[in-house]
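Have a look at the structure below, then the notes.
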Amino acid sequence: MSRTEGCLLGVLVVAALLVGVNVAAAASGWARVWRGFNDFNLSVTGVRVTSDGGGVDVTVAVSNRAGAAIRVLEIDSSVDLNGHAVADGSASPDNLRLAAGQSRTLVVPNAVGTLHQSALTGQLATPAREWNISGRVQIEVDDQSSTATWVPYAFAVTQP
Amino acid sequence: MTRRRALSAVEIMLAGWIFCGLFVATSSLDSYALVHLSLGLVVVGNLAVGVLLALLAIELKRLMIEVVIAAILAPLFFLGLVISPAAVAPPFLNQLSSYGITQSVAVFFLSLFPGLIGAMIGTVINSSVRGYEL
C-alpha cells in the first residue's frame, strides 16, 4: 500500500468513525423513543351511556412505565355493543404529559350517530352487555414531536 | 489479488457505512443525533465519499462496482438501525419495518447518484492531476 493510498484510506476510516459516533447517539435515542411507546399503557376502566342516551363515555387509564416523559396528544375510539357499532369519538387532552411512572384517568366522549341510535337502544335492553372498545392513541416521547406515533388498543368490557 | 480484493471490501464497507451515517444525520433519527445535516450537506458528503473511492480504486470498472455495492449496503445498514428498536419494542416491528423500507429507497438513490458523480470527479482528478490513464 502506497503512502497516498494509506492516507486516503485513513481519511475514510476517520470519517466512518466520526459518522459512527453520530449514528450511535441517534440509534440510542431512537431505541429509547420506541421503548417508551412500548412501555406506555392504556386500559379501558369503564363504559357509561350518557343520561340523554346520545353518547357513550369511555373511561381510560393511561400510564407511563417508561423512563422518559410521554405526552398524550389524541385518543380515538369506537364503541361496539354486543357486536353492533354504536358510537365513536375522540379526545385531545390539553397538555397531558405523563412523567416516568405516572398514571392518569380520562374520559373519551363518543357520540351515538342517528343510524346507531336504534342499535344502542335495542342492545341496552338485553340482559348481558359486552362492550368492545377499540381505537388508537397518539403519543410522543421526550417531547419529540417528530416521532409522535399512533398506538392501537382494543378492550372488551362485560356488564351483567 | 486477494489483498486487493480485501482492500476493496474494506473500502466498500466504510463507504456504505458513511453513506448510511450521513443519511441518519438528516432523517427522522437526526432528532437524537449529535450533528444534524441538511440534505445538501449530505449530498456533498456522499460526493466526497465517491471522490475518495475514485482516488483509492483508480481503475474505473472496480470503482463503479465499489460505489454501487456501497450504495446497496447503505440502505441495508440504515434498515438495520431503524428496525433495531423492535428488539425492545416487538409490537412495533411492522411499523418500523415499513418506515425503514420506505426510507431505504431514499438512502439508496441518495448514495448512488452523488457517489457516482463523486467517482467521476475523482476519476478526472486521477487522470488530470495524478497522471493515471483511464
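Note on naming: letters A, B, ... go to the chains in the order of the sequence lines (proteins, then strands), and numbering restarts at 1 for each one.
The contact between B:Val24 and chain A is made entirely by side chain atoms (from C-beta outward), counting heavy-atom distances below 4.5 Å. Neither the backbone nor the side chain of B:Phe23 comes within contact range of chain A; no heavy atoms are under 4.5 Å apart. The contact between B:Leu96 and chain A is made entirely by side chain atoms (from C-beta outward), counting heavy-atom distances below 4.5 Å. Within the 4.5 angstrom heavy-atom criterion, no atom of A:Ser2 approaches chain B.
Under a cut-off of 6.0 angstrom, the local environment of CZ in B:Arg130 is crowded, with over 12 non-hydrogen atoms contributed by other residues, nucleotides or ligands. Heavy atoms of other residues, nucleotides or ligands lying less than 6.0 angstrom from CE of B:Met64 number more than 12.
Under the 4.5 Å side-chain heavy-atom criterion for Ile, Leu, Val, Met, Phe, Trp and Tyr, B:Ile12 and A:Val14 are members of distinct hydrophobic clusters. Residues B:Val82 and B:Leu93 fall into different hydrophobic clusters, defined by Ile, Leu, Val, Met, Phe, Trp and Tyr side chains chained together at heavy-atom separations under 4.5 Å. Hydrophobic clustering (side-chain heavy atoms under 4.5 Å, transitive across Ile, Leu, Val, Met, Phe, Trp, Tyr) keeps A:Val151 apart from B:Val88. A:Val107 and A:Tyr153 sit in two unconnected hydrophobic clusters of ILVMFWY residues. Membership requires side-chain heavy atoms under 4.5 Å apart, directly or through other members. A chain of hydrophobic side-chain contacts below 4.5 Å, direct or via other Ile, Leu, Val, Met, Phe, Trp or Tyr residues, connects B:Met120 to B:Val129.
Taking a cutoff of 4.0 Å between a charged side-chain nitrogen and a carboxylate oxygen, B:Arg3 and A:Glu5 do not qualify as a salt bridge.
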- Taking it one step at a time, do B:Leu7 and A:Leu9 satisfy side chain to side chain contact (heavy atoms under 4.5 Å, CB included)? CA-CA 9 Å; B:Leu7 194 62; A:Leu9 199 59; 3.5 Å; yes

- Query: Could you go step by step and tell me if B:Trp17 and A:Val19 meet the side chain to side chain contact (heavy atoms under 4.5 Å, CB included) rule?
  - Reply: CA-CA 8 Å; B:Trp17 176 247; A:Val19 155; 4.1 Å; yes

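To the nearest 0.5 angstrom, A:Leu8 atom CG is 5.5 Å from B:Leu55 atom CG. A:Cys7 SG to B:Leu52 CG: the interatomic distance, rounded to the nearest 0.5 Å, is 11.5 Å.
Counting only heavy atoms from C-beta outward, the side chains of A:Trp30 and B:Pro85 approach each other to under 4.5 Å. The closest side-chain heavy-atom distance from A:Val23 to B:Phe77 is not below 4.5 Å. Put simply, the side chain of A:Leu12 does not reach to within 4.5 Å of the side chain of B:Val10, judged on heavy atoms.
The candidate from B:Leu81, B:Leu34, B:Ile58 with the greatest count of non-hydrogen atom pairs under 4.5 Å with chain A is B:Leu34.
In terms of heavy-atom proximity, B:Pro91 sits nearest to A:Asn38 at CD-OD1, 3.3 Å. For the residue pair B:Leu14 and A:Ala16, the shortest heavy atom distance occurs at CD2-CB, 3.6 Å. Looking at every heavy atom in both residues, B:Val35 comes nearest to A:Asn22 through N-OD1, 2.8 Å. What you find for A:Arg32 and B:Tyr32 is that their closest heavy atoms are NH2-CD2, 4.3 Å.
Between B:Phe92 and A:Trp34, the ring center distance clears the sub-6.0 Å criterion.
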